[in-house]
Amino acid sequence: MIKNCQAVWESCLEIIKEEVTEQSFKTWFDPIKAVKLQENVLTIEVPTPFFYEWLEEHYVYILKRAIDAELGPDGKLEYSIVVDKGDANHQPFTLNVRNTKPAGSSQNVKNNQANIVKPKAVKQIGNPFELPDTDLQRFKSQLNEVYIFDNYIEGDCNRLARSAGLAIAKKPGITAFNPLVVYGDVGLGKTHLVQAVGNEIKASFQDKLVLYVTSDQFTTQFIEALRNNNVQNFTNFYLNIDVLIIDDIQFLAGKEKTQENFFHIFNRLHQSGRQIIMTSDRPPRSLQGLQERLLSRFKWGLTTDIQIPDYETRVAIVQAKMSNEGVEVPNEVIEYLAYNVDSNIRELEGVLISLIANASFMRKDIDLELAKNTLLNIFRTTEKEITIEFIQQVVADYFKLSVEELKSKTRKKDIATARQIAMYFSQQYTDMPLKMIGDRFGGRDHSTVVHASKTVIKKNDNDAIYRKIINELTETMQVKK
(Lines give C-alpha, C1' and ligand atoms only; values in the text may rest on other atoms or scores of the structure.)
Protein backbone atom coordinates (compact mmCIF):
# COMPACT_ATOMS: atom_id res chain seq x y z
CA MET A 1 0.00 0.00 0.00
CA ILE A 2 1.31 3.44 -0.93
CA LYS A 3 1.43 5.81 2.01
CA ASN A 4 0.92 9.54 1.65
CA CYS A 5 2.90 12.10 3.64
CA GLN A 6 -0.09 13.27 5.69
CA ALA A 7 -1.00 9.74 6.80
CA VAL A 8 2.58 8.97 7.80
CA TRP A 9 2.91 12.20 9.75
CA GLU A 10 -0.44 11.67 11.51
CA SER A 11 0.79 8.23 12.61
CA CYS A 12 4.04 9.79 13.82
CA LEU A 13 2.05 12.34 15.83
CA GLU A 14 0.14 9.57 17.60
CA ILE A 15 3.46 8.12 18.75
CA ILE A 16 4.79 11.53 19.77
CA LYS A 17 1.64 12.30 21.81
CA GLU A 18 2.46 9.39 24.09
CA GLU A 19 5.88 10.85 24.98
CA VAL A 20 5.33 14.60 25.44
CA THR A 21 3.02 16.76 27.53
CA GLU A 22 -0.14 18.18 25.99
CA GLN A 23 1.24 21.72 26.20
CA SER A 24 4.52 20.75 24.51
CA PHE A 25 2.62 18.92 21.78
CA LYS A 26 0.45 21.96 21.04
CA THR A 27 3.46 24.28 21.02
CA TRP A 28 5.94 22.26 19.00
CA PHE A 29 4.07 19.69 16.90
CA ASP A 30 0.66 21.17 16.06
CA PRO A 31 2.20 23.87 13.78
CA ILE A 32 4.17 21.32 11.71
CA LYS A 33 2.87 20.46 8.22
CA ALA A 34 3.69 17.32 6.24
CA VAL A 35 4.93 18.43 2.82
CA LYS A 36 6.21 15.42 0.91
CA LEU A 37 6.97 11.72 1.11
CA GLN A 38 9.45 10.42 -1.42
CA GLU A 39 10.63 6.83 -1.03
CA ASN A 40 11.68 6.70 2.66
CA VAL A 41 12.15 10.46 3.18
CA LEU A 42 9.37 12.42 4.91
CA THR A 43 9.55 16.21 4.52
CA ILE A 44 7.87 18.41 7.13
CA GLU A 45 7.58 22.21 7.17
CA VAL A 46 8.41 24.19 10.31
CA PRO A 47 7.77 27.92 10.67
CA THR A 48 11.24 29.23 11.67
CA PRO A 49 14.89 28.19 11.96
CA PHE A 50 14.56 28.57 15.74
CA PHE A 51 11.66 26.10 15.67
CA TYR A 52 13.85 23.59 13.80
CA GLU A 53 16.72 24.03 16.27
CA TRP A 54 14.40 23.55 19.25
CA LEU A 55 13.03 20.30 17.82
CA GLU A 56 16.56 19.04 17.16
CA GLU A 57 17.70 20.09 20.62
CA HIS A 58 14.83 18.67 22.66
CA TYR A 59 12.78 16.16 20.64
CA VAL A 60 15.17 14.55 18.18
CA TYR A 61 15.09 11.09 19.76
CA ILE A 62 11.29 11.09 19.89
CA LEU A 63 11.14 12.09 16.21
CA LYS A 64 13.65 9.39 15.35
CA ARG A 65 11.58 6.71 17.10
CA ALA A 66 8.40 7.88 15.33
CA ILE A 67 10.08 7.84 11.90
CA ASP A 68 11.59 4.41 12.60
CA ALA A 69 8.17 3.07 13.53
CA GLU A 70 6.47 4.41 10.38
CA LEU A 71 9.20 4.20 7.72
CA GLY A 72 11.56 1.63 9.16
CA PRO A 73 15.22 2.00 10.22
CA ASP A 74 16.13 3.52 6.84
CA GLY A 75 13.52 6.26 7.19
CA LYS A 76 14.73 9.84 7.04
CA LEU A 77 13.27 13.16 8.09
CA GLU A 78 13.74 16.31 6.06
CA TYR A 79 12.86 19.79 7.24
CA SER A 80 11.49 22.57 5.07
CA ILE A 81 12.17 25.73 7.05
CA VAL A 82 10.30 28.95 6.28
CA VAL A 83 13.02 31.57 6.43
CA ASP A 84 10.95 34.70 5.86
CA LYS A 85 7.19 34.62 5.51
CA GLY A 86 7.18 38.33 4.75
CA ASP A 87 9.06 37.84 1.49
CA ALA A 88 6.65 36.82 -1.27
CA ASN A 89 9.53 35.45 -3.36
CA HIS A 90 11.17 33.43 -0.59
CA GLN A 91 12.22 29.85 -1.15
CA PRO A 92 12.24 27.80 2.07
CA PHE A 93 15.50 25.89 2.39
CA THR A 94 15.62 22.28 3.54
CA LEU A 95 17.87 20.35 5.85
CA ASN A 96 18.29 16.62 5.40
CA VAL A 97 18.37 14.88 8.75
CA ARG A 98 19.98 11.46 8.36
CA ASN A 99 20.05 10.07 11.89
CA THR A 100 20.38 12.96 14.31
CA LYS A 101 22.89 15.64 15.28
CA PRO A 102 24.62 16.37 18.60
CA ALA A 103 22.29 18.31 20.88
CA GLY A 104 22.79 22.02 20.90
CA SER A 105 24.65 22.21 17.60
CA SER A 106 23.34 24.57 14.96
CA GLN A 107 26.48 24.88 12.86
CA ASN A 108 24.95 22.83 10.06
CA VAL A 109 22.18 25.37 9.49
CA LYS A 110 24.29 27.21 6.94
CA ASN A 111 23.72 25.70 3.53
CA ASN A 112 20.60 24.74 1.63
CA GLN A 113 21.57 21.10 2.01
CA ALA A 114 23.20 19.79 5.21
CA ASN A 115 23.69 16.20 6.29
CA ILE A 116 23.37 15.79 10.04
CA VAL A 117 24.52 12.70 11.92
CA LYS A 118 23.38 12.04 15.49
CA PRO A 119 23.89 9.28 18.04
CA LYS A 120 21.31 6.52 18.19
CA ALA A 121 18.46 6.91 20.64
CA VAL A 122 18.90 5.35 24.06
CA LYS A 123 17.32 1.91 24.15
CA GLN A 124 14.69 1.37 26.80
CA ILE A 125 15.14 -1.69 28.99
CA GLY A 126 12.80 -4.27 27.46
CA ASN A 127 14.73 -7.42 28.38
CA PRO A 128 16.59 -6.74 31.63
CA PHE A 129 18.55 -9.98 31.55
CA GLU A 130 21.20 -9.08 28.98
CA LEU A 131 23.65 -7.45 31.34
CA PRO A 132 27.17 -7.36 29.86
CA ASP A 133 29.63 -8.40 32.58
CA THR A 134 32.55 -6.47 31.14
CA ASP A 135 31.36 -4.14 28.36
CA LEU A 136 30.12 -1.17 30.39
CA GLN A 137 29.92 0.97 27.25
CA ARG A 138 26.99 -1.12 26.06
CA PHE A 139 25.03 -0.81 29.29
CA LYS A 140 22.16 1.68 29.09
CA SER A 141 21.49 3.51 32.36
CA GLN A 142 18.28 5.11 31.04
CA LEU A 143 19.44 8.45 32.45
CA ASN A 144 18.55 11.69 30.70
CA GLU A 145 21.82 13.57 30.18
CA VAL A 146 19.99 16.89 30.49
CA TYR A 147 19.36 16.23 34.20
CA ILE A 148 22.55 17.40 35.92
CA PHE A 149 23.36 19.38 39.06
CA ASP A 150 24.54 22.40 37.06
CA ASN A 151 21.00 23.18 35.92
CA TYR A 152 19.25 22.13 39.14
CA ILE A 153 18.57 25.38 41.01
CA GLU A 154 18.97 25.19 44.78
CA GLY A 155 16.56 26.92 47.14
CA ASP A 156 15.03 26.48 50.57
CA CYS A 157 12.52 24.12 48.96
CA ASN A 158 15.13 21.51 48.00
CA ARG A 159 18.38 22.33 49.81
CA LEU A 160 18.53 19.22 52.00
CA ALA A 161 17.61 16.87 49.15
CA ARG A 162 20.17 18.44 46.82
CA SER A 163 22.92 18.36 49.47
CA ALA A 164 22.20 14.69 50.19
CA GLY A 165 22.28 13.94 46.47
CA LEU A 166 25.67 15.61 46.08
CA ALA A 167 27.06 13.69 49.04
CA ILE A 168 25.86 10.42 47.54
CA ALA A 169 27.35 11.32 44.15
CA LYS A 170 30.78 11.67 45.78
CA LYS A 171 30.54 8.45 47.83
CA PRO A 172 27.78 6.20 46.48
CA GLY A 173 26.77 3.50 48.95
CA ILE A 174 29.11 4.79 51.68
CA THR A 175 27.16 7.67 53.22
CA ALA A 176 24.40 7.36 55.80
CA PHE A 177 21.95 8.35 53.05
CA ASN A 178 21.26 4.80 51.89
CA PRO A 179 18.56 4.50 50.87
CA LEU A 180 17.70 8.06 49.88
CA VAL A 181 13.96 8.65 49.54
CA VAL A 182 12.92 11.95 47.93
CA TYR A 183 9.22 12.78 48.03
CA GLY A 184 7.02 15.65 46.91
CA ASP A 185 4.18 16.63 44.57
CA VAL A 186 4.42 16.26 40.81
CA GLY A 187 6.51 18.73 38.84
CA LEU A 188 8.83 19.81 41.66
CA GLY A 189 12.05 18.27 40.33
CA LYS A 190 12.33 14.88 42.02
CA THR A 191 13.22 13.04 38.81
CA HIS A 192 15.70 15.75 37.82
CA LEU A 193 17.48 15.48 41.16
CA VAL A 194 17.80 11.70 41.34
CA GLN A 195 18.92 11.47 37.72
CA ALA A 196 21.46 14.24 38.38
CA VAL A 197 22.90 12.01 41.12
CA GLY A 198 23.07 9.13 38.66
CA ASN A 199 24.74 11.21 35.95
CA GLU A 200 27.29 12.58 38.41
CA ILE A 201 28.17 9.06 39.61
CA LYS A 202 28.51 7.83 36.02
CA ALA A 203 30.90 10.68 35.24
CA SER A 204 33.02 10.13 38.37
CA PHE A 205 32.90 6.33 38.72
CA GLN A 206 33.05 4.83 35.25
CA ASP A 207 33.28 1.30 36.64
CA LYS A 208 29.87 1.49 38.34
CA LEU A 209 26.62 0.34 36.80
CA VAL A 210 23.94 3.00 37.33
CA LEU A 211 20.33 2.22 36.43
CA TYR A 212 17.29 4.49 36.43
CA VAL A 213 13.95 2.70 36.21
CA THR A 214 10.36 3.62 37.02
CA SER A 215 8.37 1.36 39.32
CA ASP A 216 6.05 0.62 36.39
CA GLN A 217 9.02 -0.59 34.30
CA PHE A 218 10.26 -2.70 37.20
CA THR A 219 6.81 -4.26 37.61
CA THR A 220 6.41 -4.95 33.88
CA GLN A 221 9.82 -6.62 33.75
CA PHE A 222 9.01 -8.76 36.78
CA ILE A 223 5.67 -9.90 35.33
CA GLU A 224 7.45 -10.81 32.09
CA ALA A 225 10.01 -12.79 34.10
CA LEU A 226 7.23 -14.66 35.92
CA ARG A 227 5.53 -15.49 32.64
CA ASN A 228 8.76 -16.89 31.19
CA ASN A 229 9.95 -18.65 34.36
CA ASN A 230 12.90 -16.26 34.37
CA VAL A 231 12.67 -14.66 37.82
CA GLN A 232 16.16 -15.75 38.90
CA ASN A 233 17.76 -14.06 35.90
CA PHE A 234 15.67 -10.94 36.57
CA THR A 235 16.89 -10.86 40.19
CA ASN A 236 20.51 -11.53 39.21
CA PHE A 237 20.39 -8.62 36.79
CA TYR A 238 19.36 -6.16 39.51
CA LEU A 239 21.86 -7.58 42.00
CA ASN A 240 24.63 -6.50 39.62
CA ILE A 241 23.58 -2.83 39.74
CA ASP A 242 25.79 -0.49 41.79
CA VAL A 243 23.37 2.44 41.93
CA LEU A 244 19.67 1.66 41.59
CA ILE A 245 17.31 4.62 41.09
CA ILE A 246 13.59 3.80 41.20
CA ASP A 247 11.08 6.54 40.38
CA ASP A 248 7.52 6.72 41.78
CA ILE A 249 7.83 3.90 44.27
CA GLN A 250 4.21 4.47 45.33
CA PHE A 251 3.05 2.59 42.22
CA LEU A 252 4.26 -0.68 43.75
CA ALA A 253 1.25 -0.48 46.06
CA GLY A 254 -0.92 -3.59 45.98
CA LYS A 255 1.56 -5.60 43.87
CA GLU A 256 2.48 -8.21 46.46
CA LYS A 257 4.75 -10.48 44.42
CA THR A 258 6.62 -7.52 42.91
CA GLN A 259 7.10 -6.06 46.39
CA GLU A 260 8.38 -9.36 47.72
CA ASN A 261 10.98 -9.60 44.95
CA PHE A 262 11.99 -5.95 45.41
CA PHE A 263 12.33 -6.56 49.16
CA HIS A 264 14.96 -9.27 48.57
CA ILE A 265 16.77 -7.19 45.94
CA PHE A 266 16.77 -4.21 48.30
CA ASN A 267 18.25 -6.27 51.15
CA ARG A 268 21.00 -7.78 49.05
CA LEU A 269 21.99 -4.48 47.45
CA HIS A 270 22.01 -2.65 50.77
CA GLN A 271 24.05 -5.36 52.49
CA SER A 272 26.65 -5.28 49.74
CA GLY A 273 27.05 -1.50 49.97
CA ARG A 274 25.20 -0.61 46.76
CA GLN A 275 23.35 2.70 46.60
CA ILE A 276 19.53 2.80 46.43
CA ILE A 277 17.63 5.99 45.56
CA MET A 278 13.83 6.25 45.35
CA THR A 279 11.20 8.91 44.71
CA SER A 280 7.59 9.05 45.86
CA ASP A 281 4.70 11.50 45.79
CA ARG A 282 4.34 11.22 49.59
CA PRO A 283 6.45 10.26 52.63
CA PRO A 284 6.90 6.53 53.34
CA ARG A 285 4.67 6.73 56.44
CA SER A 286 1.76 7.79 54.21
CA LEU A 287 2.21 5.12 51.54
CA GLN A 288 -0.72 2.71 51.44
CA GLY A 289 -0.58 -0.81 50.05
CA LEU A 290 3.14 -1.39 50.70
CA GLN A 291 4.42 -4.10 53.03
CA GLU A 292 5.47 -2.88 56.46
CA ARG A 293 8.83 -4.65 56.25
CA LEU A 294 9.53 -2.79 53.01
CA LEU A 295 8.50 0.56 54.46
CA SER A 296 10.72 -0.02 57.50
CA ARG A 297 13.74 -0.41 55.21
CA PHE A 298 12.96 2.85 53.45
CA LYS A 299 13.61 4.52 56.82
CA TRP A 300 17.13 3.12 57.14
CA GLY A 301 18.66 6.05 55.34
CA LEU A 302 17.40 9.58 54.68
CA THR A 303 13.88 10.63 53.75
CA THR A 304 13.62 14.22 52.55
CA ASP A 305 11.02 16.25 50.70
CA ILE A 306 11.02 18.79 47.90
CA GLN A 307 8.53 21.58 48.36
CA ILE A 308 6.99 24.19 46.06
CA PRO A 309 9.76 26.70 45.24
CA ASP A 310 9.49 30.13 46.80
CA TYR A 311 9.45 33.34 44.77
CA GLU A 312 13.23 33.87 44.87
CA THR A 313 13.90 30.32 43.70
CA ARG A 314 11.38 30.69 40.87
CA VAL A 315 13.16 33.86 39.75
CA ALA A 316 16.47 31.98 39.72
CA ILE A 317 14.88 29.13 37.73
CA VAL A 318 13.53 31.51 35.08
CA GLN A 319 16.88 33.31 34.84
CA ALA A 320 18.79 30.05 34.46
CA LYS A 321 16.38 28.62 31.88
CA MET A 322 16.45 31.74 29.72
CA SER A 323 20.23 32.00 30.01
CA ASN A 324 20.66 28.37 28.93
CA GLU A 325 18.49 29.03 25.89
CA GLY A 326 20.47 32.17 25.06
CA VAL A 327 17.38 34.37 25.38
CA GLU A 328 17.56 37.86 26.89
CA VAL A 329 14.55 38.72 29.02
CA PRO A 330 13.80 41.96 30.92
CA ASN A 331 13.75 41.66 34.70
CA GLU A 332 10.11 42.74 34.84
CA VAL A 333 9.15 39.73 32.70
CA ILE A 334 11.16 37.34 34.89
CA GLU A 335 9.56 38.73 38.03
CA TYR A 336 6.08 38.62 36.48
CA LEU A 337 6.40 34.96 35.50
CA ALA A 338 7.94 33.93 38.82
CA TYR A 339 5.20 35.73 40.73
CA ASN A 340 2.29 34.27 38.77
CA VAL A 341 3.37 30.68 38.09
CA ASP A 342 3.73 29.35 41.62
CA SER A 343 2.41 25.78 41.54
CA ASN A 344 5.38 23.74 40.32
CA ILE A 345 8.55 23.85 38.25
CA ARG A 346 7.15 21.78 35.40
CA GLU A 347 4.36 24.28 34.81
CA LEU A 348 6.82 27.16 35.00
CA GLU A 349 9.08 25.55 32.40
CA GLY A 350 6.06 24.93 30.18
CA VAL A 351 5.19 28.63 30.29
CA LEU A 352 8.78 29.56 29.39
CA ILE A 353 8.76 27.19 26.41
CA SER A 354 5.48 28.70 25.19
CA LEU A 355 6.82 32.22 25.68
CA ILE A 356 9.97 31.49 23.64
CA ALA A 357 7.88 29.83 20.93
CA ASN A 358 5.42 32.74 20.74
CA ALA A 359 8.27 35.23 20.46
CA SER A 360 9.75 33.17 17.62
CA PHE A 361 6.47 32.74 15.73
CA MET A 362 5.53 36.42 15.99
CA ARG A 363 9.12 37.61 15.48
CA LYS A 364 8.87 39.79 18.58
CA ASP A 365 11.14 40.52 21.50
CA ILE A 366 10.00 39.04 24.79
CA ASP A 367 8.33 41.81 26.77
CA LEU A 368 5.79 42.09 29.56
CA GLU A 369 2.80 42.28 27.21
CA LEU A 370 3.80 39.06 25.42
CA ALA A 371 4.38 37.34 28.78
CA LYS A 372 0.92 38.34 30.02
CA ASN A 373 -0.79 37.14 26.85
CA THR A 374 1.10 33.85 26.95
CA LEU A 375 0.20 33.29 30.57
CA LEU A 376 -3.48 34.07 30.07
CA ASN A 377 -3.70 31.72 27.09
CA ILE A 378 -2.16 28.89 29.09
CA PHE A 379 -4.43 29.50 32.06
CA ARG A 380 -7.43 29.38 29.75
CA THR A 381 -6.44 26.06 28.21
CA THR A 382 -5.14 24.26 31.29
CA GLU A 383 -7.93 25.16 33.73
CA LYS A 384 -5.37 26.28 36.29
CA GLU A 385 -6.46 26.53 39.89
CA ILE A 386 -7.39 30.11 40.74
CA THR A 387 -5.13 31.65 43.39
CA ILE A 388 -5.23 34.99 45.18
CA GLU A 389 -2.02 36.04 43.42
CA PHE A 390 -3.52 35.22 40.03
CA ILE A 391 -6.69 37.18 40.85
CA GLN A 392 -4.67 40.17 42.02
CA GLN A 393 -2.61 40.19 38.82
CA VAL A 394 -5.64 39.89 36.51
CA VAL A 395 -7.58 42.63 38.33
CA ALA A 396 -4.52 44.90 38.49
CA ASP A 397 -3.91 44.45 34.75
CA TYR A 398 -7.56 45.19 33.95
CA PHE A 399 -7.51 48.46 35.89
CA LYS A 400 -3.97 49.28 34.70
CA LEU A 401 -2.60 49.21 38.24
CA SER A 402 0.28 47.39 39.90
CA VAL A 403 -0.35 44.61 42.41
CA GLU A 404 1.43 46.71 45.02
CA GLU A 405 -1.09 49.54 44.49
CA LEU A 406 -3.87 47.01 44.92
CA LYS A 407 -2.43 46.02 48.31
CA SER A 408 -1.58 49.57 49.40
CA LYS A 409 -3.38 51.64 52.04
CA THR A 410 -4.57 54.27 49.56
CA ARG A 411 -8.31 54.96 49.37
CA LYS A 412 -8.35 56.45 45.87
CA LYS A 413 -11.64 55.48 44.27
CA ASP A 414 -10.28 53.53 41.28
CA ILE A 415 -7.82 51.58 43.41
CA ALA A 416 -10.38 50.93 46.16
CA THR A 417 -12.86 49.64 43.56
CA ALA A 418 -10.28 47.29 42.06
CA ARG A 419 -9.26 46.10 45.53
CA GLN A 420 -12.85 45.30 46.49
CA ILE A 421 -13.39 43.32 43.29
CA ALA A 422 -10.16 41.36 43.82
CA MET A 423 -11.20 40.57 47.40
CA TYR A 424 -14.63 39.46 46.17
CA PHE A 425 -13.12 37.07 43.61
CA SER A 426 -10.67 35.77 46.22
CA GLN A 427 -13.53 34.94 48.58
CA GLN A 428 -15.67 33.39 45.85
CA TYR A 429 -13.12 31.34 43.95
CA THR A 430 -10.45 30.27 46.45
CA ASP A 431 -10.60 28.17 49.60
CA MET A 432 -8.58 30.68 51.62
CA PRO A 433 -10.00 31.84 54.99
CA LEU A 434 -11.14 35.45 55.20
CA LYS A 435 -8.27 36.37 57.53
CA MET A 436 -5.69 35.03 55.05
CA ILE A 437 -7.34 36.90 52.16
CA GLY A 438 -7.15 40.08 54.20
CA ASP A 439 -3.47 39.43 54.95
CA ARG A 440 -2.74 39.09 51.23
CA PHE A 441 -4.26 42.53 50.64
CA GLY A 442 -1.87 44.52 52.78
CA GLY A 443 -2.73 43.04 56.17
CA ARG A 444 -6.40 43.99 56.23
CA ASP A 445 -8.97 42.59 58.67
CA HIS A 446 -11.38 39.80 57.69
CA SER A 447 -14.30 42.19 58.14
CA THR A 448 -12.86 44.32 55.32
CA VAL A 449 -13.08 41.31 53.01
CA VAL A 450 -16.70 40.69 54.01
CA HIS A 451 -17.58 44.35 53.42
CA ALA A 452 -15.82 44.34 50.02
CA SER A 453 -17.73 41.25 48.87
CA LYS A 454 -21.09 42.70 49.93
CA THR A 455 -20.30 45.96 48.11
CA VAL A 456 -19.39 44.15 44.89
CA ILE A 457 -22.54 41.98 44.99
CA LYS A 458 -24.77 45.02 45.55
CA LYS A 459 -23.17 47.07 42.75
CA ASN A 460 -23.25 44.08 40.41
CA ASP A 461 -27.02 43.80 40.91
CA ASN A 462 -27.74 47.51 40.40
CA ASP A 463 -25.12 48.87 37.98
CA ALA A 464 -24.94 47.61 34.36
CA ILE A 465 -21.46 49.04 33.76
CA TYR A 466 -20.14 47.51 36.97
CA ARG A 467 -21.72 44.18 36.00
CA LYS A 468 -19.92 44.36 32.64
CA ILE A 469 -16.58 44.74 34.48
CA ILE A 470 -17.27 41.71 36.65
CA ASN A 471 -18.29 39.63 33.62
CA GLU A 472 -15.17 40.60 31.67
CA LEU A 473 -12.90 39.75 34.59
CA THR A 474 -14.73 36.46 35.11
CA GLU A 475 -14.19 35.62 31.44
CA THR A 476 -10.51 36.53 31.68
CA MET A 477 -10.01 34.20 34.63
CA GLN A 478 -12.19 31.49 33.07
CA VAL A 479 -14.14 30.86 36.26
CA LYS A 480 -17.75 29.82 36.45
CA LYS A 481 -20.19 32.61 37.26
Side-chain angles (χ1 to χ4, degrees), residues 18-22 24 122 124-126 128 140-144 146-147 152 157-158 160-162 164-165 168 177-199 201 210-225 234 237-238 241 243-266 269-270 274-309 343-347 349-350:
E18 298 298 320
E19 302 200 41
V20 302
T21 64
E22 181 180 354
S24 295
V122 174
Q124 296 290 319
I125 292 185
K140 303 300 181 184
S141 293
Q142 295 206 129
L143 293 168
N144 187 334
V146 172
Y147 292 146
Y152 187 83
C157 57
N158 59 24
L160 176 57
R162 188 178 188 277
I168 289 170
F177 311 140
N178 193 18
L180 173 66
V181 181
V182 180
Y183 71 91
D185 288 336
V186 297
L188 296 181
K190 301 187 299 295
T191 298
H192 186 153
L193 175 61
V194 298
Q195 290 209 34
V197 177
N199 280 317
I201 292 172
V210 181
L211 177 64
Y212 167 85
V213 63
T214 66
S215 62
D216 281 342
Q217 284 178 308
F218 184 89
T219 301
T220 300
Q221 293 164 1
F222 178 67
I223 292 172
E224 188 69 20
F234 170 88
F237 169 83
Y238 276 94
I241 303 301
V243 180
L244 177 59
I245 304 169
I246 297 192
D247 215 348
D248 290 322
I249 201 73
Q250 72 273 7
F251 292 129
L252 290 183
K255 299 164 184 173
E256 294 296 327
K257 286 187 177 295
T258 306
Q259 288 184 44
E260 183 176 346
N261 185 268
F262 179 62
F263 173 79
H264 295 299
I265 290 173
F266 183 103
L269 289 178
H270 194 275
R274 314 292 179 86
Q275 181 68 51
I276 304 167
I277 302 172
M278 295 172 285
T279 73
S280 171
D281 63 354
R282 69 206 76 170
R285 66 179 179 274
S286 301
L287 290 172
Q288 303 294 323
L290 289 183
Q291 299 172 2
E292 281 300 323
R293 62 176 184 171
L294 197 55
L295 291 175
S296 69
R297 278 153 178 77
F298 292 173
K299 301 171 186 177
W300 283 356
L302 173 68
T303 298
T304 180
D305 68 333
I306 295 180
Q307 300 173 356
I308 295 174
S343 56
N344 63 57
I345 297 170
R346 190 175 299 161
E347 183 175 271
E349 289 183 339

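Being a predicted model, the structure only gives us computed values, none of them experimental. Hydrogens, waters and symmetry mates are skipped; everything else that's a heavy atom, side chains included, is used.
The cationic atom of R162 (NZ for Lys, CZ for Arg) does not lie both less than 6.0 Å from the six-membered ring centre of Y152 and within 45° of the ring axis.
In this pair, H270 and F266 present their aromatic rings parallel. The plane angle is below 30°, not in the 30 to 60° band.
Nearest heavy-atom pair across I345 and P309 is CG1-CG, 3.9 Å. What you find for H192 and Y147 is that their closest heavy atoms are CG-CD2, 3.6 Å. Shortest non-hydrogen contact noted between P284 and T303 is CD-CG2, 3.6 Å. Closest heavy-atom contact between H264 and E260: CD2-O, 3.1 Å.
Note that CG of L295 is 10.0 Å distant from OG of S286, once rounded to the nearest 0.5 Å. In this structure, I168 CD1 and I276 CD1 are separated by 11.0 Å, a value rounded to the nearest 0.5 Å. Put simply, NZ on K190 and CG on D305 are 10.5 Å apart, with the number rounded to the nearest 0.5 Å. Residue D216 holds its CG atom at 11.5 Å from CD1 of I246, rounded to the nearest 0.5 Å. Distance CG/L188 to CG/L193: 11.5 Å, rounded to 0.5 Å. Interatomic distance, CE of M278 versus CZ of R297, reported as 11.5 Å (0.5 Å rounding).
Contact check for T214 versus D248: no side-chain heavy atoms found under the 4.5 Å cut-off. You'll find the side chain of L244 reaches within 4.5 Å of the side chain of L269, heavy atoms only. Inter-residue side-chain proximity for V210 and I245 is flagged as met; some heavy-atom pair is nearer than 4.5 Å. I265 is listed as a side-chain neighbour of F234, based on a closest heavy-atom distance under 4.5 Å. Side chains of Y183 and Q250 form no contact here, defined as non-hydrogen atoms less than 4.5 Å apart. A heavy-atom distance below 4.5 Å is found between the side chains of F298 and L290. I249 has its side chain within reach of L287: a pair of non-hydrogen atoms, C-beta onward, lies under 4.5 Å apart.
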Inset, instruction - May I have the step-by-step check of side chain to side chain contact (heavy atoms under 4.5 Å, CB included) for F262 and L252, ending in yes or no? - result: CA-CA 10 Å; F262 179 62; L252 290 183; 4.1 Å; yes
Inset, instruction - Just do the ring-ring contact (aromatic ring centres under 6.0 Å, His included) check on F222 and F218 with the steps written out, would you? - result: CA-CA 6 Å; F222 178 67; F218 184 89; 7.1 Å; no
Inset, instruction - Could you go through the side chain to side chain contact (heavy atoms under 4.5 Å, CB included) check for N144 and Y212 one step at a time? - result: CA-CA 9 Å; N144 187 334; Y212 167 85; over 6 Å; no
Legend entry - Trace of the side-chain hydrogen bond (donor to acceptor under 3.5 Å, both in side chains) decision for T279 with D247: CA-CA 5 Å; T279 73; D247 215 348; 2.2 Å; yes
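For the residue pair Q142/Q195, the side-chain donor-acceptor check at 3.5 Å is not satisfied.
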